[in-house]
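Heads up, the thing below is written out as structure tokens.
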Amino acid sequence: MDERTIRKILAEPPLGEELAVHGWLRTIRHSGGLSFLAVNDGSSPAGLQVVCEQSLPGYDHLVKQLATGCALRCRGTLVESPARGQDVELRASAIELLGGADAATYPLQKKRHSFEFLRTIPHLRPRTNALAAVARIRSCLSFAIHAFFRERDFIHVHTPLITTSDCEGAGEMFTVTALEPEQLGGKNPFAADFFGRRAGLTVSGQLQAEIYALALGRVYTFGPTFRAENSNTSRHLAEFWMVEPEMAFCDLACDMAVAEDLLRTLVGRVLDECGDDIDLFDRFIDRGLRQRLEAVRVTPFARISYSEAVQTLEGSGRSFQFPVSWGMDLQAEHERFLCEEVAGGPLIVTDYPRQIKPFYMRQNDDGRTVAAMDILVPGVGELVGGSQREERYDLLRTRMEEAGLDLDAYSWYLDLRRYGSAPHAGFGLGFERLVQFVTGMANIRDVIPFPRTPGSAPC
Ligand code: 4AD
Ligand code: MG
């Protein structure tokens with residue numbers, strides 16, 4: 001693998017050098033005894049123009065097989081391009097067809113395809129400009145997340161994917177079993193199962209991250225999470241990735257500051273490192289995207305309490321599908337109204353009613369709200385959910401009893417409050433919703449390589 005990628009070649013063109021480039025043919029056109037091949041290798045949205053003289057050895061035979069989608073090895077000399085449209089081009093000395101693509105059946109032809117159609121060909125869609133740009137941005141964001149935490153002395157902890165605790169308590173866990181379907185009857189079938197009790201795929205790494213935060217101070221976990229919620233929306237997946245920092249000696253204000261710093265830093269990194277990809281989304285998917293991201297980078301997030309948010313919604317004169325009253329969970333339509341029309345940008349909503357939030361959130365002194373925060377962003381709605389955790393043993397125990405949790409099964413969680421308990425806080429950032437936010441892609445199924453949704457898990 002000593003060849004430079006097209007991205008590297010375009011960034012620092014080695015003019016006059018002999019190069020070998022591998023990639024897939026996007027388009028070919030012929031003019032004035034020359035053929036112009038647009039070759040893309042996935043490293044950047046821009047491809048390399050390869051120019052072939054039709055006198056090239058074997059070219060007559062080769063050209064009949066060159067079609068959109070075929071894989072090529074191109075050798076030649078990099079020169080300044082005399083034509084407009086590109087700065088440099090490769091003057092080919094040899095073209096080798098590695099894998100043909102029959103134009104009569106290859107599904108990706110030159111025209112733009114709908115994202116719905118592309119979802120039917122998950123094995124080919126990363127060869128399109130938009131899906132390739134999404135993949136590059138995901139990779140950039142993932143790396144930037146690790147860099148952000150590493151620069152701030154956070155320890156990366158690998159929390160388990162198979163677990164016996166249901167963090168969010170919403171009953172959305174997929175069961176993991178080694179039993180055959182016919183063995184699953186009876187009162188407690190899981191006693192004879194692999195783990196001796198019911199296990200499932202994690203909905204969040206938070207509870208285990210808390211264990212490590214109360215030993216190592218600042219930790220984060222970043223991995224896949226699973227929810228068997230039957231939500232067929234443009235913002236829900238059954239398998240999604242979540243970034244979850246957990247910090248000892250940190251309250252809600254500290255939690256919000258870290259989340260805001262993280263989001264603004266990540267947006268800045270994408271603007272700096274994936275500018276060409278962002279331009280593509282700005283042009284074809286979501287006009288004004290770049291300007292919005294530039295604003296996020298430099299503007300502090302607005303903040304509002306849940307109670308103020310409810311007042312704002314009630315006084316808005318809007319008629320919502322779900323009527324608003326104190327104590328209700330905010331719906332997507334309310335969240336979008338608040339951040340898009342009231343705040344005009346990201347908005348942090350704090351101090352939600354305790355009865356709509358999970359058991360682990362810290363009770364406020366008013367007795368009816370908890371130290372929770374959600375970050376809402378335009379186009380997406382809820383991007384981050386977090387809280388200060390209840391660190392007081394008695395209050396936590398009461399909340400757990402109220403939530404109907406088996407205290408024996410969660411004795412380890414209570415132990416953390418018996419031995420060296422400390423104020424601590426954390427949040428979960430939905431990685432795919434973040435990718436939606438920075439790309440403007442409307443549907444979450446198009447920002448993850450292989451979406452899993454109710455009734456759908458191809459390849
Ligand atoms: O608000 P959630 O449910 O919070 C938790 O799981 C906490 N335990 C996190 C923590 O404090 N460590 O989920 C966090 C975020 C949401 O704000 C959303 O961005 C994303 O995860 N999310 C989903 N993304 C895609 N598909 C789904 N079904 C999602 N459910 C939540
Ligand atoms: Mg939430």
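This structure is a prediction, so every number in the text was calculated from the model and none was measured. Along the sequence shown, the residues carry numbers beginning at 1.
- In this structure, CG on Asp286 lies 11.0 Å from CD on Gln436, to the nearest 0.5 angstrom.
- When atom types are taken as modelled, the side chain of Glu333 and the backbone of Gln321 share a donor-acceptor pair closer than 3.5 angstrom.
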Test ring pair (Phe, Tyr, Trp, His ring centres under 6.0 Å) on Phe337 and Phe320; report intermediate values, then the result. CA-CA 10 Å; Phe337 176 79; Phe320 294 103; 5.6 Å; yes
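- Judged by distance alone, the side chains of Ser307 and Trp326 do bring a donor and an acceptor atom under 3.5 Å apart.
- Of the possible donor and acceptor atoms, none in the side chain of Asn443 sits under 3.5 Å from a partner among the backbone N and O of Asp446.
- Residues Leu72 and Cys70 have side chains in contact (heavy-atom distance under 4.5 Å, counting atoms from C-beta outward).
- Closest heavy-atom contact between Pro122 and Phe450: O-CE2, 4.1 Å.
- Counting heavy-atom neighbours within 6.0 Å of Tyr393 OH, excluding the residue itself, gives a total above 12.
- Formation of a donor-acceptor pair under 3.5 Å by the His334 side chain with backbone atoms of Asp329 is not found in this model.
- Summarising the geometry of Phe359 relative to Ala403, their closest heavy-atom pair is CB-CB, 4.3 Å, with the distance given to 0.1 Å.
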Checking Val370 against Asp351 for the side chain to side chain contact (heavy atoms under 4.5 Å, CB included) test, could you report, in this order, the C-alpha distance in whole Å, the side-chain angles of both residues, the deciding distance, and whether it holds? CA-CA 5 Å; Val370 285; Asp351 304 299; over 6 Å; no
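- Between Asp276 and Arg136 no salt bridge is recorded (no basic side-chain N to carboxylate O distance below 4.0 Å).
- Here the side chains of Ile121 and His123 are in contact, with some heavy-atom distance below 4.5 Å.
- Considering all non-hydrogen atoms of both residues, Phe194 and Ala178 come closest at CB-CB, 3.9 Å.
- Using the six-membered ring where Trp is involved, Phe149 and Phe154 have ring planes that are tilted, between 30° and 60° apart.
- Between Glu390 and Arg392, at least one side-chain nitrogen of the basic residue sits less than 4.0 Å from a carboxylate oxygen of the acidic one, meeting the salt-bridge criterion.
- For the pair Leu263/Leu383, a side-chain contact is recorded, criterion being any heavy-atom separation below 4.5 Å from C-beta on.
- Of the possible donor and acceptor atoms, none in the side chain of Thr299 sits under 3.5 Å from a partner among the backbone N and O of Val296.
- Once rounded to the nearest 0.5 Å, the distance linking OG of Ser165 with CE of Met173 reads 7.0 Å.
- Of the N and O atoms on the side chains of Tyr360 and Glu168, at least one donor lies less than 3.5 Å from an acceptor on the other residue.
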What do the steps show when you test Trp24 against Asn40 for side chain to side chain contact (heavy atoms under 4.5 Å, CB included), and what is the final call? CA-CA 5 Å; Trp24 291 268; Asn40 189 292; 5.8 Å; no
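- Here the closest non-hydrogen pair linking Leu237 and Pro451 is CD2-CB, 3.9 Å.
- Across Met361 and Ser387, no two heavy atoms sit closer than the pair CG-OG, 3.4 Å.
- Side-chain contact check for Thr177 and Asp193: at least one donor-acceptor pair (N or O, by modelled atom type) lies under 3.5 Å.
- For the residue pair Arg26/Thr68, the side-chain donor-acceptor check at 3.5 Å is not satisfied.
- Distance check, rounded to the nearest 0.5 Å: CZ of Arg303 to CD1 of Ile348 gives 4.0 Å.
- Of the possible polar contacts, none joining the Arg433 side chain to the Leu429 backbone as a donor-acceptor pair under 3.5 Å is found.
- A donor-acceptor pair is defined here as one N or O able to donate and one able to accept, closer than 3.5 Å; such a pair exists between the side chain of Gln183 and the backbone of Glu180.
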Take Met328 and Ile356 through the test side chain to side chain contact (heavy atoms under 4.5 Å, CB included) and record every step on the way to the result. CA-CA 7 Å; Met328 63 154 340; Ile356 58 168; over 6 Å; no
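- Among Arg445, Arg452, Arg138, the single residue meeting the salt bridge (charged side-chain N to carboxylate O under 4.0 Å, His left out) criterion with Glu432 is Arg138.
- Checked against a 6.0 Å centroid threshold, the rings of His146 and Phe222 count as neighbours.
- For the pair Arg417 and Tyr413, the cation sits on the ring face: its NZ or CZ lies under 6.0 Å from the ring centre, inside 45° of the axis.
- Of the options Leu262, Asp261, Val267, a side-chain contact (heavy atoms from CB on, under 4.5 Å) to Thr265 is made by Asp261 and by none of the others.
- A salt bridge does not link Glu382 to Arg336: none of the charged nitrogens lies less than 4.0 Å from a carboxylate oxygen.
- For Thr369 and Asn364, the side-chain atoms include at least one donor-acceptor pair closer than 3.5 Å.
- Using a 4.0 Å cut-off between a side-chain N of Lys or Arg and a carboxylate O of Asp or Glu, Asp415 and Arg418 qualify as a salt bridge.
- Atom CD1 of Ile145 sits about 15.5 Å away from atom CZ of Arg150, to the nearest 0.5 Å.
- The line from CD1 of Ile444 to CZ of Arg235 is 8.5 Å long, rounded to the nearest 0.5 Å.
- Side-chain contact check for Ser411 and Asp408: no donor-acceptor pair (N or O, by modelled atom type) lies under 3.5 Å.
- For residues 245-259, the set of pairs meeting the salt bridge (charged side-chain N to carboxylate O under 4.0 Å, His left out) definition, not counting sequence neighbours, comprises Glu246-Arg389.
- In summary, the aromatic rings of Tyr220 and His156 are positioned with their centroids under 6.0 Å apart.
- If you look at Phe226 and Phe174, their ring centroids are not closer than 6.0 Å.
- Judged purely by atom type and a 3.5 angstrom limit, Arg362 has no side-chain atom pairing as donor or acceptor with the backbone of Glu391.
- Of the possible donor and acceptor atoms, none in the side chain of Glu340 sits under 3.5 Å from a partner among the backbone N and O of Gly345.
- Nearest approach of Cys339 to Pro378, heavy atoms of both residues: SG-N, 3.5 Å.
- Taking the six-membered ring for Trp and the full ring otherwise, Phe249 and His424 have centroids separated by 6.0 Å or more.
- A distance of 6.5 Å separates CE in Met373 from CG in Leu252, rounded to the nearest 0.5 Å.
- In this structure, the side chain of Thr120 engages the main chain of Phe117 through a donor-acceptor pair within 3.5 Å.
- A donor-acceptor pair under 3.5 Å is absent between the side-chain atoms of Glu12 and the main chain of Ile9, judged by distance alone.
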Determine whether Asp374 and Tyr352 satisfy the following criterion, side chain to side chain contact (heavy atoms under 4.5 Å, CB included), listing intermediate values before the conclusion. CA-CA 9 Å; Asp374 276 4; Tyr352 285 76; 3.3 Å; yes
Do Gln208 and Thr221 pass the side-chain hydrogen bond (donor to acceptor under 3.5 Å, both in side chains) test, and can you show the C-alpha distance, the side-chain angles, and the key distance before you say yes or no? CA-CA 9 Å; Gln208 292 91 352; Thr221 173; over 6 Å; no
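- A salt bridge does not link Arg290 to Asp282: none of the charged side-chain nitrogens sits closer than 4.0 Å to a carboxylate oxygen.
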Passes side-chain hydrogen bond (donor to acceptor under 3.5 Å, both in side chains), Gln206 versus Glu210? Steps please. CA-CA 6 Å; Gln206 175 197 325; Glu210 283 187 56; 2.9 Å; yes
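- Side-chain contact check for Glu244 and Ser204: at least one donor-acceptor pair (N or O, by modelled atom type) lies under 3.5 Å.
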